[in-house]
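Working notes, beginning with the structure itself.
The residues of the chain are indexed from 1 along the displayed sequence. Treat the numbers as computed from the prediction; the structure is a model and nothing was measured. Because only heavy atoms are used, hydrogens play no part in the values below, and waters and symmetry mates are left out as well, while side chains stay in.
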Amino acid sequence: MTDAHDTWTAPVAEGPLDAEIRVPGSKSITNRAYVLAALASAPTRVRTPLDSRDARLMLGAIYALGAHSQGSIGGYLVHPLGPGRVHPEETVRVELGNAGTVARFTPALAALGTGPALFDGDEAIRRRPIGPLLKALRGLGARIDDDRREAPPFTVHGEGGLRGGKVDLDSSASSQFLSALLLAGPSFQQGVTVRLVGGAVPSEPHIAMTAEMLRRFGATVEREGAEFHVAPTRLSCPEYIVEPDLSTAAPFVAAAVATGGTVRIAGWPQRTTQPGDWLRSLLPLLGATVELDEGGLTVTGSGTIPGVELDLHDVGELTPVIAALLCFAEGPSIISGVAHLRGHETDRLTALATELSSFGADVRETEDGLRITPAPLHGGKFHTYDDHRLVMAAAVLGLRVEGVEVENPGTVGKTFPGFAEAWTSMLG
């Protein structure tokens with residue numbers, strides 16, 4: 001299921017589910033752990049990481065910049081960035097694919113090294129915003145050539161370190177801009193103080209995740225209102241265990257709601273900064289019962305889904321799955337606060353409105369979200385726009401609609417290479 005011309009017929013649930021699922025490691029945590037390990041003063045063993053296209057791209061990126069890694073039991077042993085290149089005048093290429101975390105988290109690492117590094121990837125990554133981050137890095141002392149594109153391809157000229165200090169940042173298009181500066185901040189000569197300007201930063205949980213992981217590696221992170229400060233320090237974390245990806249668990253949780261059955265997500269953490277944990281608050285609004293214990297999360301749907309109004313600003317990555325699920329609701333729903341989704345792997349709002357409407361629902365874009373009015377649904381081809389979350393949304397739709405043909409299902413390998421197999425197994 002990797003060819004762009006392939007399709008996958010999403011299986012229909014024959015009745016209420018009764019299944020247990022174990023999802024892979026968190027992409028967000030995995031790629032942050034690899035970056036912090038590359039900046040540490042000693043090797044870090046990263047256990048139970050996600051093995052997916054985005055995670056491999058991150059390992060490849062830090063390798064290109066001088067941080068070697070080797071497979072070990074249950075994960076990778078990541079070595080810190082090396083002292084410098086043998087031939088610093090040669091340009092290395094950092095392959096981005098369509099991975100936002102790689103495009104945004106690794107340029108600062110290149111600025112800390114020596115010699116030029118060219119950043120480029122899929123055509124889609126050239127359309128994703130990065131200009132505010134490049135501007136901030138320049139303000140901290142980095143030398144970057146982008147021919148005023150404010151997007152890949154661009155070249156970072158490493159000069160053996162970065163001054164750091166104070167900088168203003170507009171992170172309203174992506175919380176990853178802020179996370180990128182905070183993650184690298186301990187390695188800047190003066191640390192970093194970031195003052196947020198512009199609109200509100202989406203996905204506050206991802207900022208909390210970045211801060212918590214920095215502290216695990218020994219950094220000091222302080223926040224006062226719209227200002228963040230990370231002091232210069234030597235990072236160290238001999239072992240880091242990656243949690244299951246709770247956003248990847250979203251379609252499986254939605255399956256319990258859609259079918260009126262029970263799905264157990266093994267290993268759901270008791271405490272976490274992952275945005276996906278917000279599902280525990282959402283599910284009762286959709287008529288489901290939720291129980292969290294040491295073994296994981298158990299979700300049981302009631303068979304009835306009410307229409308709801310949801311502000312998903314802090315958990316925007318859940319929007320595709322939730323939008324698909326709300327096509328089965330008993331009344332209209334509104335999703336708001338997610339205008340930033342227009343700059344993700346694709347314009348997710350336009351894609352969701354187009355695709356879900358093509359199956360019979362009345363889904364319309366608003367200024368910052370979607371208005372969903374359920375209607376009788378029928379089969380058809382679900383275009384996924386090289387977006388892993390749209391594959392998951394299509395799978396949810398297929399639970400109750402026969403003939404949902406999912407285009408390019410292999411694109412889900414960005415976060416869950418075995419998704420289709422796990423989905424089919426859940427359905428028995």
Side-chain angles (χ1 to χ4, degrees), residues 24-39 46 49-65 67 69 76 78 94-111 117 119-122 124-134 136-137 151-152 154 156 169 171 173-185 201-214 217 240 242-243 245-248 273-276 315-317 340-341 343-346 348 386-389 411-417:
S26 163
K27 180 190 75 170
S28 297
I29 294 176
T30 295
N31 278 358
R32 282 167 172 78
Y34 287 156
V35 169
L36 289 168
L39 294 170
V46 181
L50 174 66
D51 182 14
S52 72
R53 186 188 186 209
D54 275 23
R56 292 179 181 182
L57 283 166
M58 182 63 84
L59 284 175
I62 63 175
Y63 176 81
L65 297 173
S69 61
Y76 283 90
V78 181
V94 179
E95 177 58 47
L96 305 177
N98 190 20
T101 51
V102 181
R104 291 153 180 171
F105 292 174
T106 58
L109 275 61
F119 290 76
D120 201 6
D122 298 352
I125 200 69
R126 297 182 176 185
R127 299 190 296 269
R128 299 181 68 178
I130 197 171
L133 174 61
L134 300 184
L137 286 171
F154 58 84
V156 178
L169 173 70
S171 199
S174 173
S175 64
Q176 290 175 358
F177 299 164
L178 175 58
S179 285
L181 298 182
L182 299 181
L183 288 169
V201 177
S203 195
E204 278 279 347
H206 278 119
I207 301 303
M209 175 189 294
T210 296
E212 182 178 274
M213 292 184 67
L214 276 161
F217 274 77
Y240 192 95
V242 178
E243 297 173 357
D245 194 318
L246 306 189
S247 294
T248 293
T273 55
Q274 289 191 62
V315 289
E317 63 196 43
H340 58 282
L341 294 188
H344 277 232
E345 280 80 349
T346 186
R348 283 181 173 165
D386 294 324
D387 189 331
H388 57 133
R389 300 294 181 200
T411 196
V412 81
K414 180 181 179 75
T415 45
F416 193 166

Would you compute the distance between atom [atom1] of [X] and atom [atom2] of [Y] and round it to the nearest 0.5 angstrom?
{"X": "Arg53", "Y": "Asn98", "atom1": "CZ", "atom2": "CG", "value": "7.0 Å"}
{"X": "Leu96", "Y": "Ile130", "atom1": "CG", "atom2": "CD1", "value": "7.5 Å"}
{"X": "Leu57", "Y": "Asp122", "atom1": "CG", "atom2": "CG", "value": "8.0 Å"}
{"X": "Gln176", "Y": "Arg104", "atom1": "CD", "atom2": "CZ", "value": "4.5 Å"}
{"X": "Leu178", "Y": "Ile207", "atom1": "CG", "atom2": "CD1", "value": "4.0 Å"}

Report task. Could you give me the CA-CA distance, side-chain angles and deciding distance for Tyr34 and Phe105, then say whether side chain to side chain contact (heavy atoms under 4.5 Å, CB included) is met? Result -> CA-CA 10 Å; Tyr34 287 156; Phe105 292 174; over 6 Å; no
Report task. In plain terms, say whether Arg126 and Asp120 are close enough for a salt bridge, that is, a side-chain N and a carboxylate O under 4.0 Å apart. Result -> yes
Quick one: closest heavy-atom pair of [X] and [Y], and the distance?
{"X": "Pro49", "Y": "Tyr76", "answer": "CG-CD1, 4.3 Å"}
{"X": "Phe119", "Y": "Pro152", "answer": "O-CB, 3.9 Å"}
{"X": "Pro275", "Y": "Pro205", "answer": "CG-CB, 3.7 Å"}
{"X": "Ala110", "Y": "Ala117", "answer": "CB-CB, 4.0 Å"}

Decide yes or no for [X] and [Y]: does some side-chain heavy atom of the first lie under 4.5 Å from some side-chain heavy atom of the second?
{"X": "Pro417", "Y": "Asp51", "result": "no"}
{"X": "Asp386", "Y": "Thr346", "result": "no"}
{"X": "Ser179", "Y": "Met209", "result": "no"}
{"X": "Thr30", "Y": "Met58", "result": "no"}
{"X": "Phe217", "Y": "Tyr240", "result": "yes"}
{"X": "Asp245", "Y": "Gln274", "result": "yes"}
{"X": "Leu181", "Y": "Leu137", "result": "yes"}

Query raised in the report: Counting distance only, does the side-chain N/O of Lys27 pair as donor-acceptor with the main-chain N or O of Thr248 below 3.5 Å?
Result: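 Such a contact is absent between Lys27 side chain and Thr248 backbone.
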Query raised in the report: Quick check: does any side chain N or O of Ser69 sit under 3.5 Å from a backbone N or O of Val78, one acting as donor and the other as acceptor?
Result: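 No, the answer is negative, given that no donor and acceptor are paired below the 3.5 Å cut-off.
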Report task. List the steps and the verdict of side chain to side chain contact (heavy atoms under 4.5 Å, CB included) for Asp54 and Val102. Result -> CA-CA 8 Å; Asp54 275 23; Val102 181; 5.7 Å; no
**Report entry** Residues forming a side chain to side chain donor-acceptor pair (under 3.5 Å) with Ser247, sequence neighbours excluded
**Finding:**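 With neighbours one apart ignored, the set is Glu317.
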Requested in this report: With sequence neighbours excluded, tell me which residues meet side chain to side chain donor-acceptor pair (under 3.5 Å) with Ser28.
Outcome: His206
Query raised in the report: Quick one: which of Leu59, Ile29, Val242 gives a side-chain contact (heavy atoms from CB on, under 4.5 Å) with Val46?
Result: Val242
Query raised in the report: Hey, which of Val156, Leu183, Val35 is the one that makes side-chain contact (heavy atoms from CB on, under 4.5 Å) with Leu109?
Result: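 Testing each of Val156, Leu183, Val35 against Leu109, the sole residue satisfying side-chain contact (heavy atoms from CB on, under 4.5 Å) is Val35.
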Report task. Answer yes if the side chains of Ser175 and Ser203 hold a donor-acceptor pair under 3.5 Å, and no otherwise. Result -> no
